[in-house]
Amino acid sequence: MSIKSTIDSSLKGKTVALPESRQLDVLAALFERRQAKVLRVPMITILDSPNQDSIICWLKAFINNPPRYFIILTGEGLRRLVAVAERNKLKDDFICKLSTVRKICRGPKPVKALKEVGLKAEYLGKEPTTEGIIATLESLNLKNIDIAVQLYGTDPNLSLIEYLRSRGISDVRSIAPYIYAEHSDSAKVIDLIEHLHADNVDLVAFTSKPQVKRLFSIAKEYGLESKLMEGLARTRVAAIGPIMQQELQDHDVEVSVMPEGKYSMKPLIKAVESLFN
């Protein structure tokens with residue numbers, strides 16, 4: 001991606017590592033416009049679920065018998081559902097039924113995806129996490145109602161499903177429209193670990209849980225766990241939101257910065273700039 005006119009920024013001359021894939025060019029361009037040097041290490045890629053028949057069956061059931069509530073955890077997932085519906089000539093019916101359902105979005109990304117098809121969310125999570133969704137559900141009457149859930153990747157989100165069951169909902173219609181797959185070869189991940197350990201990186205910015213899982217998986221496979229932890233300890237670490245922050249903390253990684261309120265790329269850039277001011 002070509003870089004637009006540069007911006008004077010506290011990131012000028014900083015080396016930023018980006019373990020991103022789907023929107024790597026977009027995020028890299030934002031940093032490069034601010035005159036940062038970017039190390040690109042695409043960790044993962046996002047693919048349609050290989051079980052397309054189950055997605056089509058789910059869509060048809062949604063159209064024929066729409067739920068009262070639809071919990072949408074990711075914009076990516078909703079877009080994938082709409083794309084499958086379109087390929088199978090179900091899009092108009094799906095959007096029509098979706099308009100009649102009370103939609104609960106975890107954060108701004110699914111809200112944006114709804115807007116793209118002309119719809120709005122009736123409810124938002126108290127915060128963009130599973131706990132935030134549960135907090136919103138606490139105020140709703142769920143007795144004898146039907147709920148559908150669009151999952152984050154293939155994570156079954158047992159805490160959310162178990163909560164719904166505790167509210168008397170025995171049959172939750174969950175769907176996983178996409179999967180995460182390994183993208184970069186191991187050598188590139190190892191190279192990133194070496195750069196971190198050599199203190200060649202000023203900041204590493206994480207935007208999804210699978211990035212962290214892949215990084216630590218490669219470190220374990222090649223006996224580089226100590227090097228990785230030492231490198232991350234001396235490098236500033238950015239998380240795009242609270243879910244990402246929790247994932248890093250679960251791996252004993254201290255998060256240096258996270259945007260407040262809005263958890264997307266531009267707020268992440270602004271938060272990182274403030275960190276280096």
Side-chain angles (χ1 to χ4, degrees), residues 22-23 26 45-130 132-137 139-157 160-161 163-164 167 169 171-181 207-208 241 243 262-266:
R22 179 169 58 96
Q23 294 180 305
V26 175
T45 190
I46 301 175
L47 303 173
D48 282 332
S49 167
N51 195 351
Q52 288 295 288
D53 288 345
S54 68
I55 306 296
I56 295 167
C57 287
W58 186 93
L59 285 166
K60 288 180 177 179
F62 189 103
I63 292 166
N64 293 329
N65 182 27
R68 176 75 63 85
Y69 292 100
F70 182 28
I71 299 172
I72 309 172
L73 295 183
T74 69
E76 181 71 28
L78 181 59
R79 291 188 185 96
R80 298 267 172 173
L81 286 174
V82 171
V84 175
E86 185 170 26
R87 289 196 296 270
N88 291 275
K89 299 181 180 180
L90 298 169
K91 181 179 177 181
D92 289 346
D93 288 340
F94 178 54
I95 300 303
C96 179
K97 294 298 183 179
L98 188 58
S99 69
T100 69
V101 171
R102 299 174 188 177
K103 296 164 286 295
I104 306 171
C105 288
R106 184 176 64 176
K109 291 181 180 179
V111 170
K112 182 179 179 182
L114 278 172
K115 187 177 180 180
E116 290 168 5
V117 293
L119 300 178
K120 295 181 179 180
E122 281 72 28
Y123 303 94
L124 290 176
K126 298 291 186 182
E127 57 181 32
T129 61
T130 293
I133 288 287
I134 290 172
T136 295
L137 292 170
S139 64
L140 302 179
N141 181 6
L142 303 183
K143 186 176 181 180
N144 299 322
I145 62 95
D146 193 7
I147 286 186
V149 180
Q150 175 263 302
L151 298 170
Y152 175 94
T154 55
D155 181 353
N157 204 325
L160 176 58
I161 301 303
Y163 168 79
L164 291 172
R167 294 287 304 273
I169 302 168
D171 184 20
V172 179
R173 290 195 259 167
S174 61
I175 190 67
Y178 63 95
I179 63 171
Y180 286 103
T207 58
S208 72
I243 293 175
K262 295 184 178 180
Y263 308 115
S264 56
M265 287 189 285
K266 287 185 178 179

Check [X] against [Y] and note the closest heavy-atom contact, atom names and distance.
{"X": "T136", "Y": "G125", "answer": "OG1-CA, 3.3 Å"}
{"X": "V101", "Y": "P67", "answer": "CG2-O, 3.4 Å"}
{"X": "A85", "Y": "L59", "answer": "N-CD1, 3.8 Å"}
{"X": "V111", "Y": "A121", "answer": "CG2-CB, 4.4 Å"}
{"X": "L78", "Y": "P110", "answer": "CD2-O, 4.3 Å"}
{"X": "L114", "Y": "C105", "answer": "CD1-SG, 3.5 Å"}

What I want to find out is whether [X] reaches [Y] closely enough, with some N-O distance under 4.0 Å, to be called a salt bridge.
{"X": "D48", "Y": "R87", "value": "yes"}
{"X": "R102", "Y": "E122", "value": "no"}
{"X": "R106", "Y": "E127", "value": "no"}
{"X": "R80", "Y": "E76", "value": "yes"}

Does [X] reach the side chain of [Y], with side-chain heavy atoms less than 4.5 Å apart?
{"X": "L124", "Y": "I104", "answer": "no"}
{"X": "I179", "Y": "I46", "answer": "no"}
{"X": "L164", "Y": "V149", "answer": "yes"}
{"X": "Y123", "Y": "L140", "answer": "yes"}
{"X": "Y163", "Y": "L137", "answer": "yes"}
{"X": "L98", "Y": "F70", "answer": "yes"}
{"X": "S99", "Y": "F94", "answer": "no"}

Evaluate the criterion side chain to side chain contact (heavy atoms under 4.5 Å, CB included) for residue pair L142 and I147; output intermediate values, then yes/no.
CA-CA 9 Å; L142 303 183; I147 286 186; 4.2 Å; yes

Taking [X] for its side chain and [Y] for its backbone only, find out whether a donor-acceptor pair lies under 3.5 Å.
{"X": "N65", "Y": "A61", "value": "no"}
{"X": "N141", "Y": "K143", "value": "yes"}
{"X": "S49", "Y": "Q52", "value": "no"}

Distance, nearest 0.5 Å, that separates [atom1] of [X] from [atom2] of [Y]:
{"X": "I95", "Y": "T100", "atom1": "CD1", "atom2": "OG1", "value": "11.5 Å"}
{"X": "Q150", "Y": "R173", "atom1": "CD", "atom2": "CZ", "value": "14.5 Å"}
{"X": "I63", "Y": "C96", "atom1": "CD1", "atom2": "SG", "value": "9.5 Å"}
{"X": "I72", "Y": "L151", "atom1": "CD1", "atom2": "CG", "value": "12.5 Å"}

Step by step, would you call I133 with L160 a side chain to side chain contact (heavy atoms under 4.5 Å, CB included)?
CA-CA 8 Å; I133 288 287; L160 176 58; 4.0 Å; yes

Does the pair T154 and Y180 meet the rule for a side chain to side chain donor-acceptor pair (under 3.5 Å), with working shown?
CA-CA 8 Å; T154 55; Y180 286 103; over 6 Å; no

Would you say the side-chain atoms of Y178 and T74 include a donor-acceptor pair closer than 3.5 Å?
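Yes, a side-chain donor-acceptor pair sits under 3.5 Å.
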
Does the side chain to side chain contact (heavy atoms under 4.5 Å, CB included) test come out yes or no for W58 and L81, once each step is laid out?
CA-CA 10 Å; W58 186 93; L81 286 174; 4.0 Å; yes

Can you tell me if CG on D92 sees more than 12 non-hydrogen neighbours from other groups inside 6.0 Å?
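Open.
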
